[in-house]
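What follows is a single structure, written as structure tokens, with notes after it.
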Amino acid sequence: MTTRRSFLRWSAFAVSLSPVRSLFALPKSAAVKPIVVSTWDSGLAVNAAAWKVLKPGGYALDAVEESARSIESEISCCVGLGGNPDREGHVTLDACIMNEKYDCGSVAGLERILHPISVARKVMETTPHVMLIGEGAQQFAVANGFKLEEDKLSADAEKSYKEWLKKSEYKPLMNIEQQQGKTPKRAAGGPFAPNQFEDGSFNHDTMGTIAMDAKGRVSGSCTTSGMAFKMRGRIGDSPIIGAGLYVDGEVGAATSSGQGEEVIRLGGTHLVVEFMRNGATPMEACKKAVERLVKINPKKAKDFQVGFIAINLQGEVGAYSVNKGFSYAVTKADDGGKVFMAESYYK
Ligand code: GLY
């Protein structure tokens, strides 16, 4: 006979199994799509570029490339050629892209090319490789018609770099500073999330975008100039498939922003997607990945920021960060989208 207790035990067992759990999931036809989600407040403008592709029924891969290109074209301190340089004064760009069929491409440490995301896509579509770095990536880009831009810092980056050179101290502090009441240099109202503070300290935000199109195909892109004033040659999580971005056409997609070293150590976005594969919602998956990060960094985690965003094939969205201050933008209708503040481990 089934007692109430055995029924409850059975129910708990059932929802812990992914194939069983999928019985309770929304039918695919009820999925929210198209949908596009990006990191930070600046994700709203980026989502708008993706939406132009998604709304008329375009491919999610084209949408996430367009979103990354839109922010790469801006003179922003953390993405693209306007970004802060490494400690030797060179702007080096990292980007990757992935579709629902595990096709992926990536460039790292790329200099003087305006759209690293499009070079990453070229790597994916025209080479037998996944990742090209540095000089080789630049050669490949130029050979494929990308213009070699002037070797010059933006006015903002030059000023920040000169300021940084006074102490030459490597101190990644992420958006925690903003929480501590420091004044963002980039005034509210500008399209991009603040990442440079009046006192000269800095922060950064990688642009990660994940999308599902009207046909249910998921894709993602990730683009950044990396940590400001990093060591020459340093590569973060953003161009690394499974760290800064992961997409699985049977499950969903995830991307990250924050201190890349910590995300690489964890295999962060692959972990998020695997949690979803095993039945977690995107929100649960991002939270579990952050909890793992904190567990392996019990002493350091309060002092760095990492945030994950994820979507599944039902069009459910999740986000979670280690510390407060990680925002993300969701666009799933023709209403301009909305920015949310992610929940965080440390409140
Ligand atoms: N998440 C970007 C970086 O660490 O470079």
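Order of appearance sets the numbers: ligands from 1, and atoms from 1 within every ligand.
Considering backbone and side-chain atoms alike, Arg234 places an N or O below 3.5 Å from some N or O of ligand 1. Considering both main-chain and side-chain atoms, Glu261 never comes within under 3.5 Å of ligand 1 through any nitrogen or oxygen pair. At under 3.5 Å, not a single nitrogen or oxygen of Thr224, backbone or side chain, sits near a nitrogen or oxygen of ligand 1. Checked against a 3.5 angstrom limit, the closest N/O atoms of Gly226 and ligand 1 fall outside it. In terms of polar-atom proximity, Gly258 is counted as a contact of ligand 1, with an N or O under 3.5 Å from an N or O of the ligand.
Ring centroids of Tyr328 and Phe340 are separated by less than 6.0 Å, placing the two rings close together.
Ligand-side atoms of ligand 1 in range of Thr206: 1 (N), 2 (C), range being under 4.0 angstrom from any heavy atom. The distance from ligand 1 to the heavy atoms of Ser238 drops below 4.0 Å at these ligand atoms: 1 (N), 2 (C). Near Asp237, meaning under 4.0 Å from one of its heavy atoms, ligand 1 places the atoms 1 (N), 2 (C), 3 (C), 4 (O).
Through chains of ILVMFWY side-chain contacts below 4.5 Å, Val142 is grouped with Val107, Leu110, Ile113, Val119, Val123, Leu132, Phe140, Phe146, Leu148.
Applying the 6.0 Å contact sphere to OH of Tyr345 captures no more than 12 heavy atoms from other residues, nucleotides or ligands.
Between Phe229 and Trp164, the two ring planes are parallel [angle under 30°; tilted spans 30° to 60°].
The pair Asp86-Lys230 fails the salt-bridge criterion, with no side-chain N (NZ, NE, NH1 or NH2) lying under 4.0 Å from an Asp/Glu carboxylate O. Ion pairing of Arg69 with Glu72 is absent here, as no side-chain N (NZ or NE/NH1/NH2) approaches a carboxylate O to less than 4.0 Å.
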